[in-house]
Amino acid sequence: MNKKKRIQRPKTAIKITNPTKPIKKSTTSTTIIVKPNPKSKSRAKPSSHFLENDEGLPTTSYSSNYLEKNSILSPDFYQIDALDLAPRLLGKHLKKDDVILQITEVEAYRPNDSACHGRFGITARTAPVFGPGGHAYVYLCYGLHTMLNVVADKEGIGAAVLIRSCAPVSGLETIQRRRNLISEKPVLLTGPGKIGQALGISKEWSNHPLFVPGGLELLDGPEPEEILVGPRVGIEYASPEHVNALWRFAIAGSPWISAPKNTLRPP
DNA sequence: GAAAAGATTAAA
DNA sequence: TTAATCTTTTCC
């Protein structure tokens, strides 16, 4: 039998840049401590949901207060066409453990869509996609990356929304540890594989109900002012009609958007 | 049973 | 630009 060559990634690839001096943990609040970055050429615009304190550093005070008034979304929210649900997910919050992420970029996958995992019908992997909306659909991509989808529409339809990017709201320390990356820049959370990693989920979470408190939850959030649309990413195998469909959505002006950005336009 | 391909990422 | 990595699905 062929050798089972599992070349392990060198430890040097792990990018914990400051392991001996962990970021200070705040036990009394959810304030995010960040390092100033004086070398930054084009100073990144702080994302809109962060407030800045006197030192110009983002805090989560706004988000914490905001979320206290917000509730978990009910199953009704999800029982619509994935094309309608996708933009409505922008601005909403994913919560697990102490991590809260605000959704900034999504893609819709629909029935009769040659790019949708449901295109082969119900299989062991894709069964949750055909269940009622409001559940997670989680799968492994390229044998490495855990992809989180939100199942849309009614039972039997077969539609879902891929979460492609988020902005951190709280639990930055946990996010950074899970990502093996100390950063507060978009590289931390732009890309679907990074979302699954930051949330600490595996395919075991597939079919998990997002409307039940206690595990992985979807909470309400502010509606974005402007939205960008574009073709979906990485589906060249699909028919031209579906390759070209503008079923990718993002919050306009947010830095928390994955590549390629230049295919996104106002609707 | 075997083989191909994949809703990607990080590093060169 | 390319390697890494392995599950799922299809094909014979």
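In what follows, chains are A, B, ... by sequence order, proteins preceding strands, each numbered from 1. All values below were derived from every heavy atom in this structure, side-chain atoms included, with hydrogens, water molecules and symmetry-related copies excluded. The structure presented is a predicted model; accordingly, all values stated were derived computationally and were not measured.
Rounded to a whole Å, the CG atom of A:Leu140 is 9 Å from the C1' atom of C:dT5. Taking atom CG of A:Asn180 as the reference point, atom C1' of C:dA4 lies 16 Å away to the nearest angstrom. The separation between A:Leu181 atom CG and B:dA11 atom P is 9 Å, rounded to whole Å. One can place CD1 of A:Ile122 at 13 Å from P of C:dT10, the figure rounded to the nearest angstrom. B:dA7 atom P lies 19 Å from atom CG of A:Leu246, rounded to whole Å. The distance from atom NZ of A:Lys194 to atom P of B:dA7 is 18 Å, rounded to the nearest whole Å. When rounded to the nearest whole Å, the span between NZ of A:Lys203 and P of C:dT7 equals 6 Å. Taking atom CG of A:Leu144 as the reference point, atom P of C:dC6 lies 7 Å away to the nearest angstrom.
Side chains of A:Gln197 and A:Arg179: a donor-acceptor N/O pair is present below 3.5 angstrom, by distance only. When only modelled atom types and interatomic distance are considered, A:Ser258 and A:Thr190 share no side-chain donor-acceptor pair under 3.5 Å. Between the side chains of A:Thr126 and A:His117, no donor-acceptor pair of N or O atoms lies under 3.5 Å.
Between A:Asp113 and A:Arg232 there is a salt bridge, since at least one side-chain N of the basic residue sits less than 4.0 Å from a carboxylate O of the acidic one.
Note on A:Ile235: only backbone sugar-phosphate atoms sit closer than 4.0 angstrom, heavy atoms only; bases stay farther off. Nucleic acid contact class of A:Arg179 (heavy atoms, under 4.0 Å, all strands): sugar-phosphate only. If you check every strand for non-hydrogen atoms under 4.0 Å, A:Arg125 touches sugar and phosphate atoms only. Across all strands, A:Phe120 comes closer than 4.0 Å only to sugar-phosphate atoms, never to a base (heavy-atom distances).
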Strictly under 3.5 Å: I want the nitrogen or oxygen pairs between protein and nucleotides 1-5 of chain B, one per line.
none

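For the side-chain contact (heavy atoms from CB on, under 4.5 Å) with A:Leu189, the lone residue among A:Pro168, A:Ser183, A:Ser165 that qualifies is A:Pro168. Applying side-chain contact (heavy atoms from CB on, under 4.5 Å) to A:Arg164 and the options A:Ile195, A:Val233, A:Ile103 leaves one that passes, A:Val233.
Distances shown here put a side-chain N or O of A:Arg164 below 4.0 Å from the OP1 or OP2 atom of B:dT8. Within the structure, a side-chain polar atom (N or O) of A:Thr123 is placed less than 4.0 Å from OP1 or OP2 of C:dT9.
Figure legend. C:dT1 is base-paired to B:dA11; pairs are counted as Watson-Crick or G-U wobble with both atom distances under 3.5 Å.
Of all non-hydrogen atoms in A:Arg125 and A:Tyr137, the two that sit nearest each other are O-CE1, 3.3 Å. Taking both residues in full, the closest heavy atoms of A:Cys116 and A:Gly158 are given as SG-O, 4.0 Å, listed atom of the first, atom of the second, then distance. Closest of all the heavy-atom pairs between A:Arg110 and A:Ala82 is CG-CB, 4.1 Å.
The base of B:dA7 lies outside donor-acceptor range of the side chain of A:His145, with no N or O pair under 3.5 Å.
At a non-hydrogen distance threshold of 4.0 Å, A:Met147, A:Asn149 from residues 146-155 of chain A come into contact with DNA chain B.
Judged by the 6.0 Å distance and 45° axis criteria, A:Arg88 is not positioned over the aromatic ring of A:Tyr78.
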